[in-house]
Amino acid sequence: MPEDEPEATSKTTQLPQPVKYEDLQREVLMSLKPDLFEGVRFDFAKPLNAKFSLSHSVYMGSIEVPTQSTQVVKMPMATYEFGANWLDTRTMLIGRILTDGRMTGRIKHDLTEDLSVKFQTQLTNEAGYSQGMLDLDYKGSDWNAQLKVGNSQFYGINYLQSVTDNLALGGEAFWLGSQRKSGVGFAARHQSDQCIATCQVATTGLLSLTYLHKLSDKAALVSEMMWNWNARDASASFGYDYILRQCRLRGRIDSNGAVAAYLEERLNVGVNFILSAEVDHSKKDYKFGFGMTVGE
């Protein structure tokens, strides 16, 4: 008898799941825009158990006061922030309160493996500056979608789809009812082992291009270009991100001539020393800060 022919098998290649739309430029922003500050900062985190921890933060420095002229005006300030965090496998609760009266909170809960809900709020003593935002996130096998609802009659939606192993395309739309404004945006992200490139364009008049190139596992070069065709204004930034055995050094220079650097030095387990500097000769604005963080 003739041998049975082997059954044909069809193999489908599963596309990777892309990042969230709001994290499209995450790697570049972490390298180009660290948390620069001026003055002295001290952060302390104390875990009470496996799920609950407290945090304390003290800051003494200055903030810029908006003026009609190009001259930079600064006002001294000092704040203390108390925080509480509760984390488990499905739920995250984070709360912060400052001595100036501001209070922030964030709640995130995974309803299923693919569906999660997140609520963020900021309450202040100033009328009109309190905010709240509710997000509903759903992730498919090769796509991510998000629905947003906020105060001032804000509604938004975004979607990002993998079209190849390295390329993801998506878009977003929003409606701000209190100001009768709306907008639509489109985005692309290309990621490989050596580089990450993104492009975003919106009907609000903004074009954003970013590029990150990994020189090695510890060093990367990054760049960003922003163009607002409504205001006829463009800017560009170039930077680096270098991770050593005991520290991480990030720096940048932009098209306006401002230079910045941010150093995190690990002194011991759970103890980090921070140096921050930003120099803008054109505005005669010089910012220097140092701090320390204790606790993981």
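Everything numeric in this text was worked out from a predicted model, so none of it was measured. Just so it is clear, the values below take in all heavy atoms, side chains as well, and ignore hydrogens, waters and symmetry mates.
Using a 4.5 Å cut-off on side-chain heavy atoms (C-beta onward), Tyr240 and Leu249 make contact.
For Asn230, the CG atom sits in a packed shell: over 12 heavy atoms of surrounding residues, nucleotides or ligands are nearer than 6.0 Å. Residue Phe186 qualifies as open at atom CZ: its count of foreign heavy atoms under 6.0 Å is 12 or below.
Here the side chain of Arg250 pairs no donor or acceptor atom with the backbone of Tyr262 at under 3.5 angstrom. Formation of a donor-acceptor pair under 3.5 Å by the Asn268 side chain with backbone atoms of Val271 is not found in this model. Checked by atom type and distance alone, the side chain of Asp254 pairs as donor or acceptor with a backbone atom of Asn256 at under 3.5 Å. Side-chain atoms of Ser182 never come within 3.5 Å of backbone atoms of Phe174 as a donor-acceptor pair (strictly under, hydrogens ignored). Not a single donor-acceptor pair under 3.5 Å links the side chain of Asp142 to the backbone N or O of Gln14. At least one donor-acceptor pair closer than 3.5 Å links the side chain of Ser255 to the backbone N or O of Ala236. The main-chain N or O of Gln191 is found under 3.5 Å from a side-chain atom of Asn166 such that the two form a donor-acceptor pair. Without hydrogens or angle criteria, Tyr242 side chain to Gly251 main chain gives no donor-acceptor distance under 3.5 Å. Looking only at distances, no side-chain donor or acceptor of Asn144 sits under 3.5 Å from a matching main-chain atom of Gln17.
Remark: the Thr210 side chain and the Thr198 side chain contain an N/O donor-acceptor pair separated by less than 3.5 Å. Asp137 and Gln146 are linked by a side-chain donor-acceptor pair at a separation below 3.5 angstrom, with hydrogens and angles left out of the test. Asp114 and Thr112 share no donor-acceptor pair across their side chains, judged by distance under 3.5 Å alone. Checked by atom type, the side-chain pair Thr79/Asp100 shows no donor-acceptor distance below 3.5 Å. Neither side chain, Gln153 nor Ser178, offers a donor N or O lying under 3.5 Å from an acceptor on the other. Asn85 and Arg106 share no donor-acceptor pair across their side chains, judged by distance under 3.5 Å alone.
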Item to check | Criterion side-chain hydrogen bond (donor to acceptor under 3.5 Å, both in side chains) on Asn272 and Arg248, from CA distance to verdict | outcome: CA-CA 11 Å; Asn272 295 330; Arg248 181 179 184 182; over 6 Å; no
Checklist entry - Taking it one step at a time, do His109 and Phe119 satisfy ring pair (Phe, Tyr, Trp, His ring centres under 6.0 Å)? => result CA-CA 9 Å; His109 180 68; Phe119 178 72; over 10 Å; no
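Evaluation of the salt bridge (Lys or Arg N to Asp or Glu O under 4.0 Å) rule for Asp193 yields no partner, not counting sequence neighbours.
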Output a table of donor-acceptor pairs, distance under 3.5 Å, between side-chain atoms of residues 288-295 and any protein atom two or more places apart or on a different chain; print 'none' if there are none.
none

Under 3.5 Å, which donor-acceptor pairs link side chains of residues 24-34 to any protein atom two or more places apart or in another chain?
{"unit_1": "Gln25", "atom_1": "NE2", "unit_2": "Gln200", "atom_2": "OE1", "d": "3.0"}
{"unit_1": "Gln25", "atom_1": "NE2", "unit_2": "Ser208", "atom_2": "OG", "d": "2.9"}
{"unit_1": "Glu27", "atom_1": "OE1", "unit_2": "Arg189", "atom_2": "NH1", "d": "3.3"}
{"unit_1": "Glu27", "atom_1": "OE1", "unit_2": "Arg189", "atom_2": "NH2", "d": "3.4"}
{"unit_1": "Glu27", "atom_1": "OE2", "unit_2": "Arg189", "atom_2": "NH2", "d": "3.1"}
{"unit_1": "Ser31", "atom_1": "OG", "unit_2": "Glu27", "atom_2": "O", "d": "3.3"}
{"unit_1": "Ser31", "atom_1": "OG", "unit_2": "Asp241", "atom_2": "OD2", "d": "2.8"}

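Tyr159 has its ring centre less than 6.0 Å from the ring centre of Trp143.
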